[in-house]
Structures are given as C-alpha cells and as structure tokens.
Amino acid sequence: MSYINNPRKIEERSFEIITEELGDKVFAPEIADIVKRVIHTTADFEYADLIEFKNNALESGLKALQDGKKIYADTSMIRVAVNRKALQSHGIEIVNYVHDDDVVKAAKERGVTRSTVGMEKALEDESVGIFAVGNAPTALYRLIEFIKAGKAKPELIVGAPIGFVGAAESKAALDELDALGVPYIRINGRKGGSPVVAAILNAMLYKLGREW
C-alpha cells in the first residue's frame with residue numbers, strides 16, 4: 001500500500017488538486033489562497049462562488065492581525081481550529097464568551113441567545129479588532145446593530161453563520177454596513193460554519209508567516 005504520509009506534502013498536493021479542478025476560475029492573487037484553503041477545509045468547490053470580500057477586508061484584517069488585535073470567535077470550535085502556533089507567534093489572542101457564567105445567566109434572564117450576550121460582552125472590549133461568526137446569526141445581527149448605532153467599528157468581520165433560520169439573512173444584512181465602509185468577508189447563503197471561519201483566519205495568519 002502506497003500513500004503520502006508527510007503533512008506538508010499532503011497539503012501541497014491537495015492545493016495542486018484544488019487549483020487543477022478550479023480550472024478557468026481565477027481569483028485575485030491576494031485572495032486566491034484564502035479561497036483555496038476554504039475549499040481545502042470543506043472539499044466543497046461551491047465556496048469559490050459563495051465567498052465575498054468587501055471594503056478592503058483583507059488589507060484591514062491583516063493590519064489588525066499585525067497589530068496584535070484580539071479575535072472574538074462566536075464558537076469554541078473556531079478557537080480550537082485556528083493554528084495556535086501562528087496565533088502565538090504574532091501575539092494574537094482569540095476569545096469566546098458564550099460559556100461564561102455571566103453570559104449564560106444574562107441570556108437566560110433576558111430570554112435571548114448566549115451568542116447575543118457573548119457578542120455584547122466582546123463589543124465592550126476595545127482590544128477586539130476582528131469578529132468571527134461561524135455559527136449564530138443572532139451574534140452577527142447584534143454586531144450589525146451596534147455598528148449601525150455607532151457603538152462599534154470592527155477592523156474585520158468574518159460572517160459565516162450556517163443554517164436555515166437567519167443564517168443567509170444575517171449575512172445579507174452586512175450590505176447595510178457598506179455605506180459605513182466596514183470591512184467584511186462573508187459566505188453568502190446558508191453555508192458556512194466554524195471550520196470555514198477558521199480556514200479563513202488561518203489563511204490570513206499564514207500570510208504573515210508560517211512555521212510548520
């Protein structure tokens with residue numbers, strides 16, 4: 001039985017296959033590796049048509065990472081899936097608050113999702129520059145509400161909640177931020193999820209330098 005058993009070579013060959021199968025579909029050089037990493041993570045080529053970058057999202061997001069800004073993730077899964085060594089090497093912390101006792105208590109008392117309250121808590125922290133939403137439309141809606149009210153100005157939003165109730169609609173609502181010039185990367189439609197968000201963040205971190 002013969003197979004590749006070197007992680008670097010497996011990844012390199014995977015990206016070669018993705019490039020081959022994308023065929024004539026071409027992306028701007030600065031975003032091509034991000035799109036391909038999302039496809040690599042999901043084995044789903046539809047993401048090539050679903051991912052969208054708005055308002056200098058990549059440039060703004062990379063600057064936030066270079067400046068060591070905190071990332072707020074709406075799921076613990078995103079925290080686990082983003083490359084820890086890459087985060088540490090650039091002095092970046094990724095946080096999630098949905099399991100905090102105060103968040104759980106407030107959500108129950110108010111009759112809202114923990115994702116809503118977790119996002120509110122994150123918005124109180126001025127050191128958070130990137131908001132990454134891979135699960136809860138309610139978190140993304142709350143973020144949008146704060147921005148429209150002039151209470152927040154993220155350096156990047158990664159909007160990729162997945163599902164059937166509010167997922168596509170919450171991502172479409174990001175259009176309301178275009179007039180404010182808020183940078184965002186989104187996955188249009190129902191698809192998305194924490195692995196996709198982590199893939200986007202990892203691809204951006206790797207642009208700053210990667211240790212194997």
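Positions are given from 1, in the same order as the sequence printed here. These numbers come from the heavy atoms of this one structure, side chains and all, not from hydrogens, waters or symmetry mates. Computed from a predicted structure; not experimentally measured.
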Under a 3.5 Å threshold, yes or no: a donor from one side chain and an acceptor from the other, between Asn55 and Asp178? yes
Side chains of Ser115 and Thr138: is there a donor and an acceptor less than 3.5 Å apart? no
Report yes if some heavy atom in the side chain of [X] is under 4.5 Å from a heavy atom in the side chain of [Y]; otherwise report no.
| X | Y | answer |
| --- | --- | --- |
| Thr116 | Tyr141 | no |
| Pro154 | Ile147 | yes |
| Lys25 | Asp49 | yes |
| Tyr47 | Thr42 | yes |
| Asn56 | Pro183 | no |
| Glu11 | Arg37 | yes |
| Asp33 | Lys207 | yes |
| His90 | Leu205 | yes |

Which heavy-atom pair separates [X] from [Y] by the least distance, and what is that distance?
| X | Y | result |
| --- | --- | --- |
| Thr75 | Ser194 | OG1-OG, 2.8 Å |
| Glu155 | Ala64 | OE1-CB, 3.6 Å |
| Ala198 | Ile78 | CB-O, 4.5 Å |
| Val197 | Ala160 | CG2-CB, 3.7 Å |
| Pro137 | Pro161 | N-CB, 3.8 Å |
| Gly159 | Leu140 | CA-CD2, 4.3 Å |

is_close_aromatic(Tyr184, Phe53), centroid dist under 6.0 Å: no
If you count the non-hydrogen atoms of other residues, nucleotides and ligands that lie under 6.0 Å from [atom1] in [X], is the total more than 12?
| X | atom1 | result |
| --- | --- | --- |
| Arg84 | CZ | no |
| Glu126 | CD | no |
| Asp101 | CG | no |
| Lys148 | NZ | no |
| Lys121 | NZ | yes |
| Glu59 | CD | no |

Quickly, which of Val103, Val98, Val104 forms a side chain to side chain contact (heavy atoms under 4.5 Å, CB included) with Asp100? Name it, please. Val103
With a 4.5 Å cut-off on side-chain heavy-atom distances among I, L, V, M, F, W and Y, is there a chain of contacts connecting Ile130 to Val182? no
Quick one: is the NZ or CZ of Lys36 closer than 6.0 Å to the six-membered ring centre of Phe15, and within 45° of its axis? no
Does the pair Ile18 and Phe45 meet the rule for a side chain to side chain contact (heavy atoms under 4.5 Å, CB included), with working shown? CA-CA 8 Å; Ile18 290 166; Phe45 282 84; 4.1 Å; yes
Backbone N or O of Ala73 within a donor-acceptor pair of the Asn96 side chain at under 3.5 Å? yes
